[in-house]
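Bear in mind the structure is a predicted one, so any value in this text is a computation, not a measurement.
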Amino acid sequence: MQKRVAAIHDISGFGKCSLTVALPIISAAGSECAVIPTAVLSTHTGGFKDFTFRDLTEDILPIAEHWRREGIRFDAIYTGYLGSFEQIDLVCKVIDILRDENTLVVVDPVMADHGKLYPIFPDNFPDGMKKLCAKADIVIPNLTEACLMLGIEYNDGIFTEEYVKEILDGLLAMGAKTPVLTGVYFDDKKLGAACLENGEIKYAFADRINAMYHGTGDVFGSALIGALMEGFALQASLEIAAKYTSGCIDRTLRFQPDRTYGVDFENELPKYLKMLGK
Ligand code: PXL
């Protein structure tokens, strides 16, 4: 039976992030990807001037309620970038409406990087994301997002296992059933994710490419959902997602110097599918 995912993100028309990434990657992995677009923008907000923004907050709940009336069930709900506290509250409601006991809820609390909240968000935005993360089966923050939600110091030197444990324990206490921390590295060769599953910390690494491209968090999250829906265990899925994302960055580095344009995830899809055994 084909799996069905509900992806709840904005659609940034240009720039390869949010729904323009989630739809093709999750679909390529073999799952159906239904979408609740939370806003339509001309580009993402990370580096372009004067982008257009059409808010779709009013449509979020009616879409979910329509799906419920139709009796549509979901194997996963995947949320990412959200533009306001109101949207966070609505997405909490959508999760209550659409989830059943077998639905996997994955929350990426997209709001910050490199020690800083994206300038578009108010300082207390992490409190809102905390509430949403508490409803999740799996949360996938980066170090900055995790530290902001937990109120612990952001320390982006070389990671230590103690620091990773402190953060994962904090995320678990926050209410997320299975916390994942992304962007973890112990040297300059490998980068990946750490997860806390059944009391045990596990790691998944791929080659570390020394370049930051926009939208790679969404590439990683989408590839993770795709692999989980294909029945891979969490650690294996994290490894597939890390390797795929690393491959996308490596490929893009050779021809695209503009980091705001996102990565060539399209031409790495065959390798992703191979890792999925397809
Ligand atoms: O990739 C996350 C993302 C999604 N959507 C919008 C964004 C960002 C990150 O900046 O601006 C609109």
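- Side-chain atoms of Ser246 never come within 3.5 Å of backbone atoms of Ala242 as a donor-acceptor pair (strictly under, hydrogens ignored).
- Through ILVMFWY side-chain contacts below 4.5 Å, Phe255 is grouped with nothing and stands alone.
- Side-chain contact between Ile60 and Gln87 is present, with at least one heavy-atom pair separated by less than 4.5 Å.
- Electrostatic pairing of Glu162 and Lys165 does not count as a salt bridge here, judged by no charged N lying under 4.0 Å from a carboxylate O.
- Ala28 approaches Leu269 most closely through the heavy-atom pair CB-CD2, 4.0 Å.
- Summarising the geometry of Thr144 relative to Asp113, their closest heavy-atom pair is OG1-C, 3.4 Å, with the distance given to 0.1 Å.
- Nearest approach of Leu172 to Ala176, heavy atoms of both residues: CD1-O, 3.5 Å.
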What verdict does the side-chain hydrogen bond (donor to acceptor under 3.5 Å, both in side chains) test give for Asn124 and Asp127, after you've listed the backbone C-alpha separation in whole Å, the side-chain angles of each residue and the deciding distance to 0.1 Å? CA-CA 6 Å; Asn124 56 347; Asp127 293 336; 5.3 Å; no

Which atom pairs, one a donor and one an acceptor, fall under 3.5 Å between side chains of residues 214-226 and the rest of the protein, sequence neighbours left out?
unit_1, atom_1, unit_2, atom_2, d
His214, NE2, His44, ND1, 3.3
Thr216, OG1, Tyr213, O, 3.1
Asp218, OD2, Ser18, N, 2.7
Ser222, OG, Asp218, O, 2.7

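- At a threshold of 4.5 Å between side-chain heavy atoms, the hydrophobic network of Ile, Leu, Val, Met, Phe, Trp and Tyr places Leu196 and Val107 in one connected group.
- Looking at heavy atoms from C-beta onward, Glu166 lies in side-chain contact with Ile152 at the 4.5 angstrom threshold.
- At a threshold of 4.0 Å, the pair Glu230-Lys3 does not count as salt-bridged, since none of the basic side-chain nitrogens sits closer than that to a carboxylate oxygen.
- Under a 3.5 Å cut-off, the side chain of Asp89 and the backbone N or O of Cys92 do not form any donor-acceptor pair.
- Taking all atoms of both residues into account, the shortest heavy-atom contact from Pro141 to Val180 is CD-O, 3.0 Å.
- Between Arg4 and Asp75 no salt bridge is recorded (no basic side-chain N to carboxylate O distance below 4.0 Å).
- In the displayed structure, Asp123 atom CG is contacted under 6.0 Å by at most 12 heavy atoms of other residues, nucleotides or ligands.
- Note on residues 129-182: pairs passing ring pair (Phe, Tyr, Trp, His ring centres under 6.0 Å), not counting sequence neighbours, are Phe159-Tyr185.
- For the ring-ring contact (aromatic ring centres under 6.0 Å, His included) test, no residue two or more places apart in sequence or in another chain qualifies with Phe265.
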Step by step, work out the side-chain hydrogen bond (donor to acceptor under 3.5 Å, both in side chains) result for Asp250 and Thr252. CA-CA 6 Å; Asp250 190 36; Thr252 307; over 6 Å; no

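- Between Lys16 and Gly262, the shortest heavy-atom contact is CB-CA, 4.3 Å.
- The environment of CD in Gln2 is crowded: more than 12 heavy-atom neighbours from other residues, nucleotides or ligands sit within 6.0 Å.
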Using side-chain contact (heavy atoms from CB on, under 4.5 Å), reason through Asp207 and Lys189 one step at a time and then give a plain yes or no. CA-CA 6 Å; Asp207 290 340; Lys189 297 206 165 50; over 6 Å; no

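- With hydrogens and angles disregarded, a donor-acceptor distance shorter than 3.5 Å links the side chain of Asn142 to the backbone of Ala112.
- No path of Ile, Leu, Val, Met, Phe, Trp and Tyr side chains, each step under 4.5 Å between heavy atoms, connects Leu104 with Val91, placing them in separate hydrophobic clusters.
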Let me see the working for Met149 and Ile167 under side-chain contact (heavy atoms from CB on, under 4.5 Å), right down to the final yes or no. CA-CA 10 Å; Met149 288 192 291; Ile167 291 163; over 6 Å; no

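- Between the Ser42 side chain and the Thr52 main chain, a donor and an acceptor come within less than 3.5 Å of each other.
- Under the 3.5 Å distance criterion, the side-chain polar atoms of Thr79 are left unmatched by any main-chain donor or acceptor of Ile8.
- Note on residues 233-243: pairs passing side chain to side chain donor-acceptor pair (under 3.5 Å), not counting sequence neighbours, are Glu239-Lys243.
- For the pair Thr38 and Thr57, the minimum side-chain heavy-atom distance is 4.5 Å or more.
- Put simply, OG1 on Thr103 and CD1 on Ile95 are 10.5 Å apart, with the number rounded to the nearest 0.5 Å.
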Show, in sequence, the C-alpha distance, side-chain angles and deciding distance for Arg251 and Ile209, and conclude whether the side-chain contact (heavy atoms from CB on, under 4.5 Å) test is met. CA-CA 10 Å; Arg251 168 183 289 276; Ile209 316 292; over 6 Å; no

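- With sequence neighbours excluded, the residues satisfying side chain to side chain contact (heavy atoms under 4.5 Å, CB included) with Asp188 are Arg208.
- In this structure, CG in Leu276 is found 14.5 Å from NZ in Lys271, a value given to the nearest 0.5 Å.
- When side chains are defined from C-beta on, Phe74 does not count as touching Val5, because their heavy atoms never get closer than 4.5 Å.
- Note on Ile11 and Val94: separate hydrophobic clusters, where clusters join Ile, Leu, Val, Met, Phe, Trp and Tyr whose side-chain heavy atoms are under 4.5 Å apart, directly or indirectly.
- Looking at residues two or more places apart in sequence or on another chain, you find a ring-ring contact (aromatic ring centres under 6.0 Å, His included) between Tyr203 and Phe186, Phe205.
- Residue pairs satisfying the ring pair (Phe, Tyr, Trp, His ring centres under 6.0 Å) criterion with at least one member in residues 116-148, sequence neighbours excluded, are listed as follows: Tyr81-Phe121, Phe85-Phe125, Phe121-Phe125.
- Taking the side chain as every heavy atom from C-beta outward, Leu19 and Pro37 approach each other to under 4.5 Å.
- Within the structure, the ring pair (Phe, Tyr, Trp, His ring centres under 6.0 Å) test picks out no pair touching residues 129-150 (sequence neighbours left out).
- Pairs of residues two or more places apart, or lying in two chains, that qualify as side chain to side chain donor-acceptor pair (under 3.5 Å) and include a residue from residues 192-202 are Glu197-Lys202.
- Counting only heavy atoms from C-beta outward, the side chains of Val184 and Leu191 never approach each other to under 4.5 Å.
- The ring-ring contact (aromatic ring centres under 6.0 Å, His included) search around Phe53 returns none, not counting sequence neighbours.
- Note on Ile249 and Leu143: separate hydrophobic clusters, where clusters join Ile, Leu, Val, Met, Phe, Trp and Tyr whose side-chain heavy atoms are under 4.5 Å apart, directly or indirectly.
- Side-chain contact between Ile77 and Val106 is absent, with no heavy-atom pair separated by less than 4.5 Å.
- Contact of the Ile97 side chain with the Glu65 side chain is registered, since non-hydrogen atoms from C-beta on lie closer than 4.5 Å.
- Nearest approach of Gly30 to Lys278, heavy atoms of both residues: CA-NZ, 3.9 Å.
- Atom CG of Asn210 has 12 or fewer heavy atoms from other residues, nucleotides or ligands within 6.0 Å.
- Met174 and Val105 end up in the same hydrophobic cluster when Ile, Leu, Val, Met, Phe, Trp and Tyr side chains are linked at under 4.5 Å.
- Comment: Asp100 engages Arg73 in a salt bridge, judged by a side-chain N to carboxylate O separation of less than 4.0 angstrom.
- Distance CD/Glu145 to CG/Leu150: 11.5 Å, rounded to 0.5 Å.
- For the pair Ser31 (side chain) and Ser27 (backbone), a donor-acceptor distance under 3.5 Å is absent.
- In this structure Phe51 satisfies the ring-ring contact (aromatic ring centres under 6.0 Å, His included) test with no other residue, sequence neighbours excluded.
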